[in-house]
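Below is one structure; the comments refer to it alone.
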Amino acid sequence: MGKVELFLLPVIKRIVFFFVPLWLLLFVVYELIFDLDMGNAWHSLTFYISLISLTNFGGYRHKMMEEPIPDFEMIETYSSARWKTISNTDQTFVFRPRFDFPYNLMSGETVKVDRVDGKVKVEGPAYYVDSWVRDYKGKRNPIRNRFALVVIPAMVIVLLLAPILYGTGVIADWKIMYHNHRARDVDRIVIADAAASGNTENNSINAGFAVTYADRIFWVRDNLDLVSISDDFQEQNYMIDKTSGSGISRLNIVESWIFYTEGKILNRMRLDGTEKETIYKAGYLLDVHVIGNDIYFISFMDRFAVHRMDVNGQNLERFIDKDVIDIAMIEGRLFYSYEADGTGALESVDLDGKNRKLELEKPIQDLVYAGDTFYFLGFDDNKLYSYSGEAGTAPAILVDEPVSSYIAAEEGIYYSLFSKEGAYPGNGLYKLALDGSKQVLLDAANSVENLSQTDEWLLITGYDSKHYLFEQRLNLLTDELSLMPGKARISATIC
């Protein structure tokens with residue numbers, strides 16, 4: 001047998017007799033028995049099974065060795081819990097390993113022991129040959145044996161159970177309990193206005209980069225800095241000023257407190273920059289909405305379920321147990337869009353968890369309610385739609401091509417289109433009337449990374465034709481564009 005065949009044969013056998021059976025077993029367990037929607041998790045799982053299958057394939061290459069065993073007949077009486085005698089003659093014994101499941105059964109690999117001139121010739125897969133010789137001579141390492149007996153089954157159990165525990169929310173339940181235990185140390189605050197809203201939906205669907213409060217604009221610059229700007233743009237103070245680290249987003253303000261995410265954590269501090277405290281660090285938070293004393297968000301670590309906790313990070317709980325795409329707060333109800341088994345819907349529910357209502361029989365994203373009309377992006381096509389919400393009516397397409405981001409203001413809809421790079425940065429800045437008419441191109445030269453709205457202004461972060469970062473503002477009454485004043489950092493590349 002040539003070198004190529006000697007190399008390929010164990011690889012093919014490991015794929016056919018280990019990888020394929022194990023993958024099929026996991027598919028049956030996860031998809032058919034537990035009905036788990038593994039989705040993209042299969043990519044990671046396939047990679048790890050392949051890694052386990054092929055990293056030690058060299059141990060299954062054919063090996064032959066001679067050993068001095070004085071009394072060949074003693075082999076006949078040899079018995080072990082690890083080996084099954086398949087056949088024996090005066091000159092030859094054949095053993096099959098009882099370990100190394102499922103490969104040992106599927107492959108039919110054996111160890112052959114022949115008498116040759118007062119010695120024995122042992123041949124078969126290298127791993128089995130070495131194991132048989134050690135076992136027969138009584139030289140097995142007890143520590144190694146215990147390791148194999150404990151660690152390997154444990155790895156198999158983890159491999160089997162981890163997706164089940166994740167898919168059924170058990171792991172998330174443990175994290176919720178642990179978070180609530182740690183949150184006991186957070187200083188308690190109380191928001192007097194239980195209906196206070198931390199930000200507008202227009203800003204929430206655009207990562208919450210800006211929020212207005214008490215004649216000031218709080219805005220994220222360069223993704224890293226948090227600034228407080230007077231509404232006439234004549235004064236700005238840097239509340240957070242850094243050159244590296246996790247980006248800041250999801251701004252919400254209720255009374256004298258600002259909430260914001262920084263990577264996987266949610267922080268809270270007073271508007272004067274004091275009393276900064278981390279109230280959540282159990283994973284990424286999406287679509288953060290602060291309403292009075294409660295915080296609602298989509299939990300990345302819990303299969304995109306909607307979680308709720310109070311403004312002290314305490315009493316964390318799972319509020320909507322679905323694979324949620326988008327949430328919005330509209331007239332005191334939580335609207336949530338979800339996907340399940342290739343379908344989905346838009347539903348709403350009271351904040352006490354009661355009176356659930358089907359709003360639309362399709363999943364959507366980036367929902368905004370303005371002027372008695374719902375606006376949203378299609379989940380599959382990213383086109384911009386309007387919808388009256390009345391029974392028997394269907395959503396109408398306002399922009400019949402993929403939209404990167406948009407703001408539905410009283411003055412009209414401002415939006416950017418997908419660029420050749422994808423959703424971000426968007427291509428150009430356009431304006432539509434709320435009914436979809438009167439499309440106007442406001443800026444064709446620059447791309448748009450983020451849109452945010454204040455009372456009178458649209459704040460724009462984007463890149464110019466040379467890929468330099470710029471920050472603009474647009475007057476909502478006149479649609480005039482101008483550069484943002486004050487300190488600005490310039491980046492030469494698109495991140």
Side-chain angles (χ1 to χ4, degrees), residues 194-212 249-254 259-261 266 284-292 294-300 304-309 318-340 344-380 382-390 395-396 398 403-410 413-415 423 434 450-453:
S197 178
N199 208 336
T200 65
E201 285 305 328
N202 272 325
N203 286 332
S204 292
I205 67 171
N206 288 283
F209 267 35
V211 59
T212 58
S249 60
R250 321 293 176 189
L251 303 184
N252 280 260
I253 295 178
V254 286
F259 299 79
Y260 62 94
T261 62
L266 177 64
Y284 290 106
L285 308 88
L286 308 175
D287 281 9
V288 178
H289 288 69
V290 180
I291 305 295
D294 292 316
I295 303 174
Y296 298 81
F297 61 92
I298 297 174
S299 171
F300 184 83
F304 298 96
V306 178
H307 282 198
R308 176 174 64 184
M309 64 184 178
R318 186 183 296 115
F319 188 60
I320 303 293
D321 192 9
K322 293 182 181 293
D323 186 357
V324 175
I325 302 162
D326 177 81
I327 63 174
M329 285 291 179
I330 299 174
E331 297 185 340
R333 288 174 64 83
L334 176 72
F335 284 66
Y336 58 95
S337 174
Y338 65 90
E339 183 189 26
L346 172 66
E347 297 180 356
S348 67
V349 64
D350 288 340
L351 299 188
D352 59 4
K354 299 178 181 179
N355 300 320
R356 298 200 180 201
K357 177 185 175 183
L358 176 65
E359 301 286 349
L360 193 62
E361 293 182 344
K362 63 182 295 185
I364 60 95
Q365 58 185 333
D366 294 347
L367 177 66
V368 170
Y369 187 65
D372 297 325
T373 301
F374 293 97
Y375 298 90
F376 60 84
L377 299 183
F379 176 64
D380 295 322
N382 280 90
K383 296 178 181 180
L384 179 61
Y385 293 80
S386 67
Y387 177 54
S388 68
E390 297 178 0
L398 299 184
V403 171
S404 171
S405 56
Y406 79 98
I407 294 283
E410 291 182 4
I413 301 172
Y414 299 84
Y415 67 96
L434 290 174
N450 181 267
L451 297 174
S452 299
Q453 182 191 8

[atom1]-[atom2] distance between [X] and [Y], expressed to the nearest 0.5 angstrom:
X: His307; Y: Ile298; atom1: NE2; atom2: CD1; result: 10.5 Å
X: Asn202; Y: Ile407; atom1: CG; atom2: CD1; result: 4.5 Å
X: Tyr338; Y: Ile364; atom1: OH; atom2: CD1; result: 12.5 Å
X: Asn203; Y: Ile205; atom1: CG; atom2: CD1; result: 8.5 Å
X: Ser249; Y: Leu286; atom1: OG; atom2: CG; result: 9.0 Å
X: Leu384; Y: Leu398; atom1: CG; atom2: CG; result: 5.0 Å

Nearest heavy atoms of [X] and [Y], plus distance in Å:
X: Lys354; Y: Val349; result: O-CG2, 3.3 Å
X: Gly378; Y: Gln365; result: O-NE2, 3.0 Å
X: Leu358; Y: Ala345; result: CD1-CB, 3.7 Å
X: Asp287; Y: Ile325; result: OD2-O, 4.4 Å
X: Ala370; Y: Ala408; result: CB-O, 3.9 Å

Do the side chain of [X] and the main chain of [Y] share a donor and acceptor less than 3.5 angstrom apart?
X: Asp350; Y: Asp352; result: no
X: Arg318; Y: Arg308; result: no
X: Asp366; Y: Ser405; result: no

Flag the pair [X] / [Y] as yes when at least one side-chain heavy-atom distance between them is below 4.5 Å, and no otherwise.
X: Asp294; Y: Met309; answer: no
X: Arg333; Y: Lys357; answer: yes
X: Phe297; Y: Arg250; answer: no
X: Phe259; Y: Ile253; answer: no
X: Ile295; Y: Val288; answer: yes
X: Val403; Y: Asn382; answer: no

Under a 3.5 Å cutoff, is there a donor and acceptor pairing between the side chains of [X] and [Y]?
X: Asn252; Y: Asn199; answer: no
X: Gln453; Y: Tyr414; answer: no
X: Tyr336; Y: Glu347; answer: yes
X: Thr373; Y: Ser386; answer: no

Steps toward ring-ring contact (aromatic ring centres under 6.0 Å, His included) verdict (Tyr296, His289): CA-CA 5 Å; Tyr296 298 81; His289 288 69; 8.2 Å; no
Sole candidate of Leu367, Ile291, Thr200 that passes side-chain contact (heavy atoms from CB on, under 4.5 Å) when paired with Met329: Ile291
Derivation of the side-chain hydrogen bond (donor to acceptor under 3.5 Å, both in side chains) call for Asn450 and Ser452: CA-CA 7 Å; Asn450 181 267; Ser452 299; 3.0 Å; yes
Within 45° cone of Phe376 ring axis and under 6.0 Å: Lys362 NZ or CZ: no
Candidates Glu359, Arg356, Glu331 - the one meeting side chain to side chain donor-acceptor pair (under 3.5 Å) with Ser348: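 Among the candidates, only Glu359 passes.
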With Leu434 via side-chain contact (heavy atoms from CB on, under 4.5 Å) - residues at least two apart: Tyr375, Ile413
Worked check of side chain to side chain contact (heavy atoms under 4.5 Å, CB included) between Phe374 and Leu360: CA-CA 11 Å; Phe374 293 97; Leu360 193 62; over 6 Å; no
